[in-house]
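Basis for what follows: all heavy atoms, side chains included, without hydrogens, waters or symmetry-related copies.
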Amino acid sequence: MAKTGFDRSGQCVDQEGDTGSHHICIDLSSTSSNGKDFCEVTGQDNWCAKDMPCHEDTNKQCPVERWCVCQWAFAGYLALADGCNAIQEIECKAVNIKAVEAYEKDKEKYGDALSCLKERCKLKKGDAGMVV
């Protein structure tokens, strides 16, 4: 699988300089209910379907599978895709707890994204067991 994370470490880390807060991990190899991937729905260049340097061997190219996306882009993805049930799978164990904390601080703006993470990742108040 292609290297992911802001620093390409394979993790959705919280790192200084990551102004996009790449904390939400999406399984881009999964299929959404409308058949469109994250790039198609959000109108980004189709990097979702490209090969990138492999996590295991950077001399090889691998498909993009699990990918850390920006918190704000995830919220926009939900809105454009018609909600949580219409998006690709979330890799809950790879989602950084900083995303949940940020969404909690602005529920008016990010309430749908917060609800989606809680629903899909089966999070309860005070439960960070499935996120790192």
Side-chain angles (χ1 to χ4, degrees):
M1 135 178 76
K3 293 185 84 148
T4 190
F6 178 72
D7 63 357
R8 299 298 186 256
S9 66
Q11 302 293 321
C12 297
V13 297
D14 183 47
Q15 182 172 329
E16 188 174 325
D18 179 8
T19 57
S21 300
H22 292 78
H23 294 153
I24 310 290
C25 188
I26 297 176
D27 181 355
L28 295 173
S29 67
S30 66
T31 305
S32 66
S33 65
N34 64 10
K36 293 182 179 180
D37 66 27
F38 175 82
C39 290
E40 292 171 297
V41 172
T42 60
Q44 296 186 32
D45 290 335
N46 197 17
W47 56 264
C48 296
K50 292 183 179 177
D51 288 346
M52 295 188 187
C54 299
H55 186 73
E56 301 80 10
D57 182 352
T58 57
N59 294 316
K60 294 182 181 178
Q61 296 287 304
C62 292
V64 175
E65 292 178 18
R66 292 169 193 89
W67 201 256
C68 301
V69 299
C70 300
Q71 290 172 190
W72 60 266
F74 177 74
Y77 176 43
L78 288 174
L80 293 168
D82 286 331
C84 191
N85 293 328
I87 66 168
Q88 291 173 278
E89 294 299 317
I90 300 169
E91 286 292 324
C92 295
K93 291 181 181 177
V95 172
N96 193 297
I97 191 66
K98 293 293 185 184
V100 175
E101 291 170 358
Y103 290 160
E104 287 276 1
K105 288 180 183 174
D106 193 350
K107 290 181 185 175
E108 185 174 328
K109 185 173 184 179
Y110 296 113
D112 289 342
L114 178 62
S115 294
C116 183
L117 285 179
K118 286 182 175 183
E119 175 188 327
R120 288 276 190 102
C121 298
K122 298 176 178 37
L123 295 176
K124 298 176 191 129
K125 187 172 181 145
D127 177 19
M130 298 188 78
V131 292
V132 293

Enter the distance from W72:CH2 to H22:NE2 here, rounded to the nearest 0.5 Å.
8.0 Å

With side-chain contact (heavy atoms from CB on, under 4.5 Å) as the test, pick out the partner of K107 among K105, K109, E104.
E104

Side chains of C84 and R120, heavy atoms from C-beta outward: is any pair under 4.5 Å?
yes

Quick one: are V69 and Y77 in side-chain contact, heavy atoms under 4.5 Å?
no

dist L78:CG -> N85:CG (nearest 0.5 Å) comes out at 10.0 Å

For C25, is there any backbone N or O sitting under 3.5 Å from a side-chain donor or acceptor partner on R66?
no

Provide the closest heavy-atom pair for V64 versus C48 in the form atom of the first, atom of the second, distance.
CB-O, 3.8 Å

Could you check whether any side-chain N or O of E65 sits under 3.5 Å from a backbone N or O of S29, counting only pairs where one atom can act as donor and the other as acceptor?
no

Taking the side chain from N34 and the backbone from K36, do they hold a donor-acceptor pair closer than 3.5 Å?
yes

More than 12 heavy atoms from other groups under 6.0 Å of CG on D82:
no

Between N46 and C39, is there a side-chain heavy-atom distance shorter than 4.5 Å?
yes

Tell me, do V100 and C121 make a side-chain contact under 4.5 Å, heavy atoms counted?
no

Heavy-atom count around D27 CG within 6.0 Å, excluding the residue itself: above 12?
yes

Go through the steps for V41 and S32 under the test side-chain contact (heavy atoms from CB on, under 4.5 Å), then give the verdict.
CA-CA 10 Å; V41 172; S32 66; 5.7 Å; no

Out of curiosity, C62 SG to M52 CE, how far, rounded to the nearest 0.5 Å?
11.5 Å

In this structure, OG1 of T31 is separated from CD of E89 (nearest 0.5 Å) by 9.0 Å

Give, for atom CG of L80 and atom CD1 of I87, the distance between the pair rounded to the nearest 0.5 Å.
12.0 Å

Quick one: does Q88's side chain have a donor or acceptor within less than 3.5 Å of a partner on F38's backbone?
yes

How long is the gap from SG on C92 to CG on L123, to the nearest 0.5 Å?
7.0 Å

Whether the side chain of Y110 engages the backbone of A99 through a donor-acceptor N/O pair (distance < 3.5 Å, no angle test) should be reported.
no

So does C12 get a backbone contact from the side chain of N96, meaning a donor-acceptor N/O pair under 3.5 Å?
yes

Counting only heavy atoms not in D57, do more than 12 sit closer than 6.0 Å to its CG atom?
yes

For a 4.5 angstrom cut-off between non-hydrogen side-chain atoms, does D37 reach I26?
no

By ring pair (Phe, Tyr, Trp, His ring centres under 6.0 Å), which residues pair with F74, not counting sequence neighbours?
none

Tell me, do K50 and Q61 make a side-chain contact under 4.5 Å, heavy atoms counted?
no

